[in-house]
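To keep things clear, I will list the structure first and then write my remarks on it.
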Amino acid sequence: MPELPEVESARAAIERAGLGRKIADVDDSDTYECRPHSPGEIREALVGRRLVSAHRQGKFLWCETSGIGRSRTAGPELAIHLGMSGRLVITGPDGPGGRPGTPTQGGDYLGTADPEGVLDPRNPAWNRFTLTFADGGELRLFDKRRLGRVRLDPDRSALGPDAQAITLEQFRHRLGRGSSPVKARLLDQSVVAGVGNLLADETLWQAGIAPQRPADELDDDELAALRRALRKATRAAIAHGGVHTGTFIPHRTRAGHCPRCGAEVQRATVGSRTTYWCPKEQH
DNA sequence: ACTCGTGTTAGCTG
DNA sequence: TCAGCTAACACGAG
């Protein structure tokens with residue numbers, strides 16, 4: 001279930017296994033995830049091109065594409081947002097014939113085990129978008145809940161600096177403004193890109209700051225501590241393969257206890273999202 | 001059986 | 001302009 005770390009691993013997988021392969025066909029018939037493009041529009045734009053680079057800003061992922069044939073004119077950017085339930089599946093040149101869950105030559109199935117075989121490309125149920133490469137392999141967006149998005153030439157102008165790359169000065173100016181709860185600021189992708197609900201709770205817990213504090217009441221030291229905690233939590237989550245590996249996240253349950261002081265964690269809605277925090281350590 | 005939710009966005013209201 | 005809420009998406013978990 002994607003937060004920033006899963007998006008980064010998807011980006012790295014495209015870089016490792018998806019670049020340079022010629023696009024022979026595109027299934028963009030899901031009018032919801034490919035909206036506002038009409039069916040066939042993305043296929044028309046991409047057939048004959050290759051993905052040449054993969055980028056990420058927060059939870060937003062996009063690829064640059066090549067010209068067609070010897071043309072040096074670059075193609076459109078292809079953006080893929082995983083939403084809340086999307087996963088990328090990249091298969092190797094031996095394509096759909098590979099056994100489900102088994103890495104195929106030259107590519108791999110992303111994510112972990114697939115005992116039910118739902119990632120098998122022959123199971124069409126939740127495949128929302130597919131690039132078929134000339135070598136027979138595929139890059140697919142697999143998304144049960146249909147919250148993902150695919151689009152050409154995305155507008156990134158409203159996206160804030162990436163959570164890992166944001167400078168202290170940027171962070172102070174963007175985050176420490178407004179009367180909203182500081183957690184709402186953290187979750188606002190136009191303020192800082194990449195923080196989801198779980199990562200926000202982990203970060204606030206690490207920094208010892210209560211989620212409902214008005215953002216403009218935080219002093220410089222608290223904002224610095226918050227940024228430090230954000231970068232640390234993000235880095236750790238990427239290194240360990242997901243935000244679930246955080247210290248506080250496993251204790252985000254009813255009757256959960258703070259892993260440091262043992263106090264019972266509080267639960268409330270902050271910034272329209274379910275929020276857990278330690279009332280003893282977060283102020 | 002029923003409620004809730006790791007994300008985003010459009011649209012509305014104050 | 002800012003801030004906050006709701007619906008939509010569609011399924012799994014508890």
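Chain A is the first sequence line, chain B the second, and so forth, proteins listed ahead of strands; every chain is numbered from 1.
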For this session: Consider the side chain of A:R145, meaning its heavy atoms from C-beta on, and name the nucleotide among B:dC4, B:dG7, C:dA3 that approaches it most closely.
Result: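 That would be B:dG7.
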
Problem set entry | Among B:dT6, C:dA3, C:dG12, the one nearest A:K144 by side-chain distance |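 Selected nucleotide (nearest to the side chain): C:dG12.
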
Exercise. Does A:T132 use its side chain to pair, donor to acceptor, with the backbone of A:A24 at less than 3.5 Å?
Worked result: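 Answer holds: no.
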
Exercise. For residues 197-204 of chain A, which residues have at least one heavy atom under 4.0 Å from DNA chain B?
Worked result: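 Here the set is A:N197, A:L198.
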
Problem set entry | Residue pair A:V192, A:R174: steps toward the side-chain contact (heavy atoms from CB on, under 4.5 Å) verdict | CA-CA 8 Å; A:V192 50; A:R174 304 179 74 94; over 6 Å; no

For this session: Rounded to whole angstrom, note down the P distance from C:dA3 over to B:dT6.
Result: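 One P to the other, the span is 23 Å.
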
Exercise. Of all residues at least two apart in sequence or in a different chain, which pass the side chain to side chain contact (heavy atoms under 4.5 Å, CB included) check with A:D27?
Worked result: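 Once residues adjacent in sequence are excluded, the partners of A:D27 under the side chain to side chain contact (heavy atoms under 4.5 Å, CB included) criterion are A:S29, A:T130.
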
Exercise. Residues two or more places apart in sequence or in another chain: which of them pass side chain to side chain contact (heavy atoms under 4.5 Å, CB included) with A:Q189?
Worked result: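 Side chain to side chain contact (heavy atoms under 4.5 Å, CB included) check on A:Q189 returns A:K59, A:L159, A:A193.
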
Distances under 3.5 Å between protein N/O atoms and the N/O atoms of nucleotides 8-14 of chain B, please, pair by pair.
{"from": "B:dT8", "atom 1": "OP1", "to": "A:H81", "atom 2": "NE2", "distance (Å)": "3.2"}
{"from": "B:dT8", "atom 1": "OP2", "to": "A:K59", "atom 2": "NZ", "distance (Å)": "2.9"}

Exercise. According to a 3.5 Å limit on both distances, what stems of 3 or more consecutive Watson-Crick or G-U pairs are formed with DNA chain B?
Worked result: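 Counting only runs of 3 or more consecutive pairs, the stems involving DNA chain B are B:2-5 with C:11-14, B:7-14 with C:2-9.
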
For this session: Quick one: list whatever passes ring-ring contact (aromatic ring centres under 6.0 Å, His included) with A:F171, sequence neighbours left out.
Result: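 A:F171 satisfies ring-ring contact (aromatic ring centres under 6.0 Å, His included) with no residue once adjacent residues are dropped.
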
For this session: Whole angstrom is fine here: how far is it from CZ in A:R87 over to P in C:dC11?
Result: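 Going from A:R87 (CZ) to C:dC11 (P), I get 16 Å.
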
Exercise. Using a cut-off of less than 4.0 Å, is there contact between a side-chain N or O of A:S272 and OP1 or OP2 of C:dC5?
Worked result: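 Yes.
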
For this session: May I ask you to evaluate whether A:S85 reaches the phosphate of C:dA10, defined as a side-chain N or O under 4.0 Å from OP1 or OP2?
Result: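 False: A:S85 side-chain N/O out of range (4.0 Å or more) of C:dA10 OP1/OP2.
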
Exercise. Counting heavy atoms not belonging to A:H173, are there more than 12 under 6.0 Å from its NE2?
Worked result: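 Counting other residues, nucleotides and ligands, NE2 of A:H173 stays at 12 neighbours or fewer.
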
For this session: Might you confirm whether atom NE2 of A:H240 has over 12 heavy atoms from other residues, nucleotides or ligands at distances under 6.0 Å?
Result: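 Not more than 12 within 6.0 Å, no.
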
